[in-house]
Amino acid sequence: MELLTIPQLADILDVDVVQAHQLVRDGEFIIVRTEAGQRRVPADFVQDGGSVKSLRAVIQLLRDARFEDAEIVDWLYRKDDTLPGTPIQALRENRGNEIKRRAQAAGF
């Protein structure tokens with residue numbers, strides 16, 4: 001998985017670094033930590049100059065189901081032959097309704 005620094009994310013989104021941090025706090029994006037402890041955002045979470053459509057809703061549904069951020073990232077990248085592909089691929093392909101339904105079901 002390709003990871004972006006917060007300054008890289010800010011450049012892609014055409015916002016300043018403070019605003020990029022706020023987007024993370026608001027749940028638009030999730031931070032993952034590298035083995036060295038560095039904070040990064042998966043590049044797949046960015047599309048067309050913003051966050052992938054429906055990503056924020058999926059993040060919130062999974063957080064409501066008490067998923068930790070690392071578990072959410074794992075869930076989004078877990079291959080699922082019934083999709084096909086991964087949930088993040090499906091979101092990027094504008095198949096958000098199915099992924100939101102699955103995220104809601106994941107909490108039960």
Side-chain angles (χ1 to χ4, degrees):
M1 142 182 25
E2 180 185 352
L3 299 173
L4 303 170
T5 65
I6 297 295
Q8 288 171 325
L9 176 66
D11 285 343
I12 292 169
L13 300 178
D14 196 26
V15 298
D16 63 40
V17 173
V18 172
Q19 289 172 306
H21 280 286
Q22 186 62 49
L23 290 170
V24 171
R25 283 190 297 275
D26 290 345
E28 290 286 333
F29 300 97
I30 291 179
I31 292 290
V32 296
R33 293 210 180 258
T34 65
E35 289 181 13
Q38 300 165 320
R39 297 166 36 106
R40 301 284 190 262
V41 174
D44 289 334
F45 289 7
V46 180
Q47 189 174 36
D48 300 329
S51 66
V52 171
K53 185 178 177 183
S54 298
L55 178 63
R56 181 179 184 166
V58 170
I59 290 170
Q60 189 60 54
L61 286 165
L62 293 171
R63 282 181 174 164
D64 289 349
R66 303 200 192 300
F67 278 56
E68 298 291 329
D69 285 355
E71 294 171 312
I72 294 171
V73 172
D74 180 61
W75 188 89
L76 286 165
Y77 280 93
R78 190 175 305 134
K79 186 158 178 60
D80 186 337
D81 292 334
T82 64
L83 283 175
T86 64
I88 191 63
Q89 286 172 327
L91 287 175
R92 292 179 63 80
E93 294 167 0
N94 202 24
R95 295 186 281 146
N97 288 337
E98 175 64 15
I99 302 308
K100 286 187 281 188
R101 184 191 65 72
R102 289 175 186 227
Q104 190 170 28
F108 296 101

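Worth knowing before you read on, the calculation uses all heavy atoms, side chains too, and leaves out hydrogens, waters and symmetry mates. Starting from 1, each residue takes its place in the sequence as its number.
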Take Glu98 and Arg101 through the salt bridge (Lys or Arg N to Asp or Glu O under 4.0 Å) test and state the conclusion after the steps.
-> CA-CA 5 Å; Glu98 175 64 15; Arg101 184 191 65 72; 2.6 Å; yes
What do the steps show when you test Asp69 against Val32 for side chain to side chain contact (heavy atoms under 4.5 Å, CB included), and what is the final call?
-> CA-CA 8 Å; Asp69 285 355; Val32 296; over 6 Å; no
I need the [X] [atom1] to [Y] [atom2] distance, nearest 0.5 Å.
| X | Y | atom1 | atom2 | answer |
| --- | --- | --- | --- | --- |
| Asp44 | Met1 | CG | CE | 8.0 Å |
| Leu76 | Phe45 | CG | CZ | 5.0 Å |
| Glu93 | Gln47 | CD | CD | 9.0 Å |
| Asp16 | Ile6 | CG | CD1 | 12.0 Å |
| Glu71 | Arg78 | CD | CZ | 9.0 Å |

Can you name the side chain to side chain contact (heavy atoms under 4.5 Å, CB included) partners of Arg39, sequence neighbours left out?
-> His21, Ile31, Arg33
Those residues at least two apart in sequence (or on a different chain) that pass side chain to side chain contact (heavy atoms under 4.5 Å, CB included) with Ala70 are none
Between the side chain of Arg95 and the main-chain N/O of Leu83, is any donor-acceptor distance below 3.5 Å?
-> yes
For Gln8 and Thr5, indicate whether the former's side chain and the latter's backbone hold a donor-acceptor pair under 3.5 Å.
-> yes
What I'd like to find out is whether the side chain of [X] reaches to under 4.5 Å of the side chain of [Y], using heavy atoms alone.
| X | Y | answer |
| --- | --- | --- |
| Asp80 | Arg102 | yes |
| Val46 | Val52 | no |
| Ile59 | Phe29 | no |
| Pro87 | Tyr77 | no |

Closest non-hydrogen atom pair between [X] and [Y], with its separation:
| X | Y | value |
| --- | --- | --- |
| Ser54 | Leu91 | CB-CD2, 3.9 Å |
| Val18 | Arg25 | O-NH2, 4.3 Å |
| Leu9 | Ala20 | CD2-CB, 4.4 Å |

Before giving the answer on side chain to side chain contact (heavy atoms under 4.5 Å, CB included), spell out for Trp75 and Ile88 the whole-Å C-alpha distance, their side-chain angles and the decisive distance to 0.1 Å.
-> CA-CA 9 Å; Trp75 188 89; Ile88 191 63; over 6 Å; no
Donor + acceptor pair across side chains of Gln89, Arg92 (<3.5 Å) = no
Heavy-atom count around [X] [atom1] within 6.0 Å, excluding the residue itself: above 12?
| X | atom1 | result |
| --- | --- | --- |
| Asp26 | CG | yes |
| Arg66 | CZ | no |
| Glu68 | CD | no |

Cluster question for you: counting only ILVMFWY and a side-chain heavy-atom cut-off of under 4.5 Å, with indirect links fine, are Val41 and Leu23 together?
-> yes
Start with the C-alpha distance between Lys53 and Asn94, add both sets of side-chain angles, then the distance that settles side chain to side chain contact (heavy atoms under 4.5 Å, CB included), and finish with yes or no.
-> CA-CA 7 Å; Lys53 185 178 177 183; Asn94 202 24; 3.4 Å; yes
Trace of the side chain to side chain contact (heavy atoms under 4.5 Å, CB included) decision for Arg63 with Ile30 = CA-CA 11 Å; Arg63 282 181 174 164; Ile30 291 179; 4.1 Å; yes
Only one of Val58, Asp64, Leu62 passes side chain to side chain contact (heavy atoms under 4.5 Å, CB included) with Gln60; say which it is.
-> Asp64
